[in-house]
Amino acid sequence: MFDAMIETLKANPRKIVFTEGHDARILEAAARLKKDGFLTPILIGSVDVVKAKAAECGFDIEGLEILDPLTYEGMDAMVDKMVELRKGKMSAEECRAALQKGNYFGTMLVKMGYADSLLGGATYSTADTVRPALQIVKTKKGAHLVSSCMILVRGDEKLAMGDCAINLSYEDTVDKDGNVVLSAAQKLAEVAVETARTAKVFGIDPKVAMLSFSTNGSGKGGTVKLSHDATAVAKEMAPDLMIDGEMQFDAAVAPEVGQLKFPGSPVAGHANTFVFPCIEAGNIGYKIAQRLGGYAAYGPILQGLAAPINDLSRGCNADEVYAMAIITAALV
């Protein structure tokens, strides 16, 4: 999986911004990327602090670009651009204050084309990584929300799971008159289609199961209707996508159970891409697979944004930073 991504990056030189350049884990990953030579890191932070931390830890970052928001020569132009993007929602003073922070500064570097992608979250919360992305980079054309995907790897087996980190739940969006402008089912369907697209980037031929505690109408209540309706919407959005639901997890992965509970389904018993009806199920589900199933988990990979911006776990290690940097840059 990573070999193919590295070959892509070798053929297409790209830059990735790290919003927390002073962090030892970021520095270790950046030094390794510098040595390997297929992806160019940009570190954000005080030049003196970043260099001192690298020297203290024994990481060679000589020659890597370090940008300090407090001394950045292009700050005035950056402020003007952010004011334009925020369309009256933030004053010039508020934009300048925000851009003193690595998360906003790094996101603007991507928006202005100075870098191709961004990786943050070693010390920032998920919200602090996603918020600048939504305000500055925004969603891509046709997307209505940002979601996430986890890629799980065990040997040669790869699975995709969404959404496990961003959307707490799915409700109808209504206008001031109470008319539904975007239904909950449309939102979950969009997550399903985006998760399938992400799966393809990782070499997975997606067979998508819309998960529930019900299989093909066997149960009622809860999120059963949501998963059922979202399946129908997703089939309309992506007619060529192999997707079915709603179904229980055993029906999704065990052929004998799948064909018993959901006879004739091309997905039941063979699913490799799983869409959860709420964040509780998704987060618990992927962590069970990781901790009890022995899968390595990569992500959360953000979906729906107009540029590749990804979030690290604050408990990450340098190997995870290195892997996520490759993944993020390969999504360009």
Side-chain angles (χ1 to χ4, degrees), residues 1-2 5 121 126 130 143 145-170 187-215 222-223 226-227 230-231 234 238 241-254 257-258 265 267-305 308 310-313 315-316 320 323-324 327-328 330-331:
M1 182 175 75
F2 283 99
M5 291 182 177
T126 295
V130 174
L145 74 166
V146 174
S147 61
S148 73
C149 174
M150 297 297 301
I151 299 295
L152 302 179
V153 181
R154 185 178 66 184
D156 293 332
E157 186 179 6
K158 291 178 286 187
L159 307 173
M161 294 186 174
D163 173 3
C164 305
I166 301 296
N167 295 286
L168 295 178
S169 59
Y170 303 91
K187 294 177 182 179
L188 185 58
E190 187 172 309
V191 172
V193 173
E194 289 294 329
T195 300
R197 287 173 179 162
T198 301
K200 290 179 181 179
V201 174
F202 291 87
I204 300 170
D205 181 16
K207 298 177 181 64
V208 184
M210 302 294 283
L211 296 177
S212 177
F213 61 85
S214 164
T215 299
T223 57
L226 170 64
S227 295
T231 303
L241 179 61
M242 192 175 291
I243 182 170
D244 226 336
E246 83 291 353
M247 68 179 74
Q248 294 159 284
F249 192 81
D250 58 349
V253 298
V257 178
S265 169
V267 173
H270 306 285
N272 55 21
T273 302
F274 306 93
V275 178
F276 296 89
C278 62
I279 198 171
E280 287 96 337
N283 195 270
I284 292 167
Y286 99 77
K287 289 187 176 180
I288 289 174
Q290 180 185 26
R291 298 298 176 180
L292 299 185
Y295 286 86
Y298 299 99
I301 298 156
L302 299 185
Q303 306 172 146
L305 289 168
N310 276 324
D311 178 47
L312 293 163
S313 165
C316 66
E320 290 167 333
M324 281 301 295
I327 288 169
T328 304
L331 294 171

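Minimum heavy-atom separation, A252 to A209: CB-CB, 3.7 Å. Nearest heavy-atom pair across I166 and S148 is CG1-CB, 3.7 Å. Taking each heavy atom of A238 and V193 in turn, the nearest pair found is CB-CG2, 4.2 Å. Between M324 and P300 the shortest heavy-atom distance is CE-O, 4.0 Å.
Each salt bridge (charged side-chain N to carboxylate O under 4.0 Å, His left out) pair with one or both residues in residues 273-291, not counting sequence neighbours, would appear here, but there are none. Residue pairs meeting the side-chain hydrogen bond (donor to acceptor under 3.5 Å, both in side chains) criterion with at least one member in residues 191-213, sequence neighbours excluded: K140-E194, E194-R197, T195-Q303, T198-Q303. Listed by first and then second residue, the salt bridge (charged side-chain N to carboxylate O under 4.0 Å, His left out) pairs that reach into residues 155-166 are R154-E157, sequence neighbours excluded.
Contacts of E190 classified as side chain to side chain donor-acceptor pair (under 3.5 Å), with partners at least two apart in sequence or in another chain: H144. D311 pairs by the salt bridge (charged side-chain N to carboxylate O under 4.0 Å, His left out) definition with nothing, not counting sequence neighbours. Legend: residues meeting side chain to side chain contact (heavy atoms under 4.5 Å, CB included) with I288, ordered by chain and number and at least two apart, are I284, L292. For A196, the side chain to side chain contact (heavy atoms under 4.5 Å, CB included) partners at least two apart in sequence or on another chain are P206, V208, L241. Remark: S169 engages E171 in a side chain to side chain donor-acceptor pair (under 3.5 Å) (not counting sequence neighbours). Shown here are the side chain to side chain contact (heavy atoms under 4.5 Å, CB included) partners of I279, two or more places apart in sequence or in another chain: L168. In this structure, the side chain to side chain contact (heavy atoms under 4.5 Å, CB included) partners of A296, at least two apart in sequence or on a different chain, are Y298. Judged as a side chain to side chain donor-acceptor pair (under 3.5 Å), and not counting sequence neighbours, T223 has no contacts.
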Item to check | Chi angles and distances behind the side chain to side chain contact (heavy atoms under 4.5 Å, CB included) call for S227, L211 | outcome: CA-CA 7 Å; S227 295; L211 296 177; over 6 Å; no
Next on the checklist: Quick one, N167 with K187, criterion side chain to side chain contact (heavy atoms under 4.5 Å, CB included). Give me CA distance, side-chain angles, the key distance, then yes/no.
Outcome noted: CA-CA 10 Å; N167 295 286; K187 294 177 182 179; over 6 Å; no
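With a 4.5 Å cut-off on side-chain heavy atoms, V191 and L145 count as touching.
Each of N283, L152, N272 was checked for a side-chain contact (heavy atoms from CB on, under 4.5 Å) with M161, and the lone residue meeting it is L152.
One distance of note links OG1 of T273 with CD1 of I204; it measures 5.5 Å at 0.5 Å rounding. Atom CG of L159 is separated from atom SG of C149 by 10.0 Å, given to the nearest 0.5 angstrom. Here L331 contributes atom CG and I301 contributes atom CD1; the two are 6.5 Å apart, rounded to the nearest 0.5 Å. Here H270 contributes atom NE2 and M242 contributes atom CE; the two are 9.5 Å apart, rounded to the nearest 0.5 Å. For the atom pair S147 OG and Y170 OH, the distance stands at 6.5 Å (nearest 0.5 Å).
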Below 3.5 Å, can you tabulate the donor-acceptor pairs from side chains in residues 243-250 to any protein atom, sequence neighbours excluded?
| residue | atom | partner | partner atom | Å |
| --- | --- | --- | --- | --- |
| D244 | OD1 | K235 | NZ | 3.4 |
| D244 | OD2 | S265 | OG | 2.8 |
| E246 | OE1 | H228 | ND1 | 3.4 |
| E246 | OE2 | S214 | OG | 2.7 |
| E246 | OE2 | N216 | N | 3.3 |
| E246 | OE2 | G217 | N | 2.6 |
| Q248 | OE1 | T215 | OG1 | 2.7 |
| Q248 | OE1 | K261 | NZ | 3.1 |
| Q248 | NE2 | F213 | O | 3.4 |
| D250 | OD2 | K261 | NZ | 3.2 |

